[in-house]
S.K.: 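Next up is a structure, given as structure tokens.
Residue numbers begin at 1 in each chain, while the letters A, B, ... track the order of the sequences.
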Amino acid sequence: MQPRTAEEGLAPGVFEILKEDRHTGARLGRLWTAHGAVETPVFMPVGTQATVKALEPRDLEEMGASVILGNTYHLLLRPGMEVMAACGGLHRFMGWSRPILTDSGGFQVFSLNNLRKIRAHGVEFRSHIDGAKFFLGPPEAMAVQRTLGSDIAMCFDECMPYPCDAQYACQSVDKTLSWAALCLQQERSPGQLVFGIVQGGEFVALRERCARELAAMGFDGYAVGGVSVGEPEDVMLKGVEDGVRCLPRERPRYVMGLGDMFQMCESVSLGVDMFDCVIPTRVARHGTAYTRTGTYPVKGGSYKMDQRPVEEGCTCYCCSHFSRAYVRHLINVGEILGVRLLTIHNMHRYLGFMREMREAIANDCFREWRQSLAAVLRPDGLKSRAKSV
RNA sequence: GGGGAGGUGGCGCAAUUGGUUAGCGCUCCGGACUGUCGAUCCGGUGGUCGCGGGUUCGAAUCCCGUCCUCCCCG
């Protein structure tokens, strides 16, 4: 139905807002890229190392994934940019013809904090593989993403930790802003979009200032970063709200790393269009299934004899062919098929969830849909669940 | 028949020349995981130390008997 290539559709960067919800900030959109359109709100499966773990591009296409992620840091280390250039970029390399968004390595500043030193012009990393030193700053990160040929490149930012003191947060945001301006000046691959990233931690004024200054620079889209790094849920959603509030309405908005269904729904109602998260795939590898009503451990002993599918009523390949007992067995004995089947199911559930959300917005029933979702996923209301830091 | 080694939670083992509520790995059960350092991390259940006596303030550790397993020799 929708055009698959840029030739058939609109120019990369065009963001059509097809519908706006009457009661919330939710909107239905379509973002055009060099590899076709993305219907929003969208969930983007994470394929850090040029693969969405356990899934083939064919699986993803069949399940309706319209855009996936790649990662600057990881692909720079392995296979390296010589290989990527020789193989014609990330799309050709991994056999994926739909849009790709690449993260800049900014998250690794956070997740690999014991292996890096932050400098004025970028970050000095020590490879987590062999300890080799290398430098990633705005020009470097953008050059990598240009070689990868991603449809959407993210600015190189500093994802700051939580908790974080105000003074450090302020300096960090200054750095992220100056880096963002530099990223915008770098050369891009054909049709490549560049998104800015709002930081600021839990500080309202910082979030707002960061968002406003980025907006003034004129990016193709904007992300809220630095959330889901260990803060309580209410702090996280507040951070999203503070950032989104000051971003231009007509551009796509993306909350990085968010993947909890309830949190995504809340973010959509604040006007967010895009998400990515490792959780459906990672949790699948650990033997847990996502369903409409939450998660449950398929690996649990109580499903040893269970003949039902992983989720009753689900139409995915896993659920239409195999039982919980079988999937549990495979997971339990460490067979790769178990990981694959559960990943298929979880991804199917996630993409289906987003499809239902889009339909709810299209059919003017998003508010009700959101309420019924909250009743199931947060029956006790929005409790802030502090996580171990 | 003779000699040797050994019996400790479901499995494999540990316990310093007898000394606090007998430890560990795996299994099992449960939890966590949010721009991924794939296959991780954190908890928990479970043993009257083969059985019966004895020595001792105190025995998984020493002694006697007994049952069982493995190895070697006839």
S.K.: Closer than 4.0 Å, any side-chain N/O of A/Arg116 to the OP1 or OP2 of B/C37?
M.R.: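 The answer is no; no side-chain N or O of A/Arg116 sits under 4.0 Å from OP1 or OP2.
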S.K.: Between the base of B/G35 and the side chain of A/Asn71, is there a donor and acceptor pair under 3.5 angstrom?
M.R.: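 Donor-acceptor pair under 3.5 Å: no.
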S.K.: Listing request: all salt bridge (charged side-chain N to carboxylate O under 4.0 Å, His left out) pairs with a residue in residues 175-189 of chain A, at least two apart in sequence or in separate chains.
M.R.: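 Residue pairs with at least one partner in residues 175-189 of chain A: A/Arg188-A/Asp220.
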S.K.: Using the benzene-type ring in the case of Trp, are the ring centres of A/Tyr290 and A/Phe353 under 6.0 Å apart?
M.R.: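 Distance test on ring centres: not under 6.0 Å, no.
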S.K.: Taking atom types as they are modelled, would you say the side chain of A/Ser111 forms a donor-acceptor pair with the base of B/U36 within the 3.5 Å cutoff?
M.R.: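 When only heavy-atom distances are counted, A/Ser111 does not reach the base of B/U36 through any donor-acceptor pair under 3.5 Å.
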S.K.: Quick one: do A/Lys238 and A/Asp234 make a salt bridge, cutoff under 4.0 Å?
M.R.: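 A/Asp234 and A/Lys238: not salt-bridged.
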S.K.: Any carboxylate oxygen within less than 4.0 angstrom of a Lys/Arg side-chain nitrogen, looking at A/Glu20 and A/Arg249?
M.R.: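 Here A/Glu20 pairs with A/Arg249 in a salt bridge, since their nearest N and O are under 4.0 Å apart.
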S.K.: Measure from the side-chain N and O atoms of A/Arg253 to the backbone N and O of A/Gly221, and report whether any donor-acceptor pair falls under 3.5 Å.
M.R.: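 Judged by distance alone, no pair lies under 3.5 Å.
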S.K.: Give a yes or no on whether a salt bridge exists between A/Arg328 and A/Asp306, defined as a side-chain N under 4.0 angstrom from a carboxylate O.
M.R.: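 Answer for the salt bridge query: no.
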S.K.: Roughly how many Å is it from CZ in A/Arg78 to P in B/G38, rounded to a whole number?
M.R.: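 In whole Å, B/G38 P and A/Arg78 CZ are 7 Å from each other.
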S.K.: With rounding to whole Å, what would you report as the distance between B/C37 and B/C33 at their C1' atoms?
M.R.: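 Result for the C1' pair: 15 Å, nearest Å.
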S.K.: Taking the P atom of each, how far is B/U61 from B/C51, in whole Å?
M.R.: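 Approximately 11 Å lies between the P atom of B/U61 and that of B/C51.
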S.K.: Would you say A/Gln49 reaches B/G38's phosphate, i.e. side-chain N/O to OP1/OP2 under 4.0 Å?
M.R.: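 Answer yes for this pair, as a side-chain N or O of A/Gln49 is under 4.0 Å from OP1 or OP2.
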S.K.: Distance between the P atoms of B/G31 and B/C72, in whole angstroms?
M.R.: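 Looking at atom P only, B/G31 and B/C72 are 50 Å apart.
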S.K.: Taking the C1' atom of each, how far is B/U21 from B/G2, in whole Å?
M.R.: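 So the two C1' atoms sit 45 Å from each other.
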S.K.: From CG of A/Leu112 over to P of B/G38, roughly how many Å is that when rounded to an integer?
M.R.: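 For the pair A/Leu112 CG and B/G38 P, the rounded distance is 9 Å.
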S.K.: Between A/Val283 and A/Val339, which residue's closest nucleotide on RNA chain B lies nearer the 5′ terminus?
M.R.: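 The 5'-side residue here is A/Val283.
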S.K.: For the residue pair A/Phe43 and A/Phe275, is the inter-centroid distance of their aromatic rings smaller than 6.0 Å?
M.R.: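 They do not qualify: ring centres at least 6.0 Å apart.
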S.K.: Counting only side-chain heavy atoms from C-beta out, which of B/C29, B/G38, B/G35 sits nearest to A/Met256?
M.R.: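 Looking only at side-chain atoms, A/Met256 lies closest to B/G35.
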S.K.: What does A/Arg340 touch in the nucleic acid at a heavy-atom separation under 4.0 angstrom: a base, only the sugar-phosphate, or nothing?
M.R.: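 The residue A/Arg340 makes no contact with any strand.
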S.K.: Quickly work out the A/Leu76 CG to B/U36 C1' distance and round it to whole Å.
M.R.: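 Rounded to the whole Å, the gap is 17 Å.
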S.K.: Under a 3.5 Å distance rule, please check whether A/Gln263 uses its side chain to pair with a backbone N or O of A/Met236 as donor and acceptor.
M.R.: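 No: the side chain of A/Gln263 does not pair with the backbone of A/Met236.
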S.K.: Taking the ring of A/Tyr73 and the ring of A/His128, is the distance between their centroids below 6.0 Å?
M.R.: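 A/His128 vs A/Tyr73: aromatic centres under 6.0 Å.
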S.K.: Expressed as a whole number of Å, how far does the C1' atom of B/U40 sit from that of B/A60?
M.R.: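 Rounded to whole Å, the distance is 36 Å.
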S.K.: Tell me the interatomic distance from A/Phe43, atom CZ, to B/G35, atom P, rounded to whole angstroms.
M.R.: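 About 9 Å, once rounded to whole Å.
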S.K.: Could you tell me how far apart A/Asn113 (CG) and B/G35 (P) are, to the nearest whole angstrom?
M.R.: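 Taking atom P of B/G35 as the reference, CG of A/Asn113 is at 15 Å.
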S.K.: Base, sugar-phosphate, or nothing: which does A/Leu69 touch, judged by heavy atoms less than 4.0 Å apart?
M.R.: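 Here A/Leu69 touches the backbone only, sparing every base.
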S.K.: Using the 3.5 Å cut-off, write out each protein N or O paired with an N or O of nucleotides 44-47 of chain B and the distance between them.
M.R.:
none

S.K.: At under 4.0 Å between heavy atoms, what does A/Gly226 touch on the DNA or RNA strands: base, sugar-phosphate, or nothing?
M.R.: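 Base: the residue A/Gly226, judged by heavy atoms under 4.0 Å, touches a nucleobase.
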S.K.: Between B/G38 atom P and A/Glu335 atom CD, what is the distance in whole Å?
M.R.: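 From A/Glu335 CD to B/G38 P: 22 Å.
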S.K.: Let's test your reading of the pairing rules: Watson-Crick or G-U wobble, both distances under 3.5 Å, then write RNA chain B as a dot-bracket string with ( ), [ ], | and dots.
M.R.: (((((((..((((.....[...)))).(((((.......))))).....(((((..]....)))))))))))).
S.K.: Considering only the C1' atoms, how many Å lie between B/U20 and B/G3, rounded to the nearest integer?
M.R.: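 The answer is 40 Å between these two C1' atoms.
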S.K.: So what does A/Gly301 touch, heavy atoms closer than 4.0 Å: a base, only the sugar-phosphate, or nothing?
M.R.: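 Counting heavy atoms under 4.0 Å across all strands, the contact made by A/Gly301 is with sugar-phosphate only.
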S.K.: Among A/Arg358, A/Arg30, A/Arg355, find the residue that satisfies the side-chain hydrogen bond (donor to acceptor under 3.5 Å, both in side chains) test when tested with A/Glu39.
M.R.: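 Of A/Arg358, A/Arg30, A/Arg355, side-chain hydrogen bond (donor to acceptor under 3.5 Å, both in side chains) with A/Glu39 is met by A/Arg30 alone.
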S.K.: If I take atom CD in residue A/Glu233 and atom P in nucleotide B/C33, what distance separates them, rounded to the nearest angstrom?
M.R.: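 For the pair A/Glu233 CD and B/C33 P, the rounded distance is 11 Å.
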S.K.: Output the rounded distance in Å from CG (A/Asn332) to P (B/C29).
M.R.: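 That distance rounds to 7 Å.
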S.K.: Identify, between A/Gln199 and A/Ile336, the residue whose nearest nucleotide on RNA chain B lies closer to the 5' end.
M.R.: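 Here A/Gln199 is the residue nearer the 5' end.
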S.K.: Between B/G52 and B/U27, how far is it from one P atom to the other, in whole Å?
M.R.: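 Approximately 33 Å lies between the P atom of B/G52 and that of B/U27.
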S.K.: Quick one: do A/Arg370 and A/Glu266 make a salt bridge, cutoff under 4.0 Å?
M.R.: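 Salt bridge present between A/Arg370 and A/Glu266.
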S.K.: Tell me what A/Asp130 touches on the nucleic acid: a base, only sugar-phosphate, or nothing, going by heavy atoms under 4.0 Å.
M.R.: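 Nothing, no heavy atom under 4.0 Å.
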S.K.: Planes under 30° and centres closer than 5.5 Å, is that true for A/His74 with the base of B/U36?
M.R.: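 No, A/His74 does not stack on the base of B/U36.
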S.K.: Could you work out the separation of B/A22 and B/C49 based on their P atoms and round it to a whole Å?
M.R.: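 About 11 Å, rounded to a whole number of Å.
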S.K.: Check A/Arg378 with A/Asp260, please: is the shortest side-chain N to carboxylate O separation under 4.0 Å?
M.R.: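 A salt bridge is present here (some side-chain N lies under 4.0 Å from a carboxylate O).
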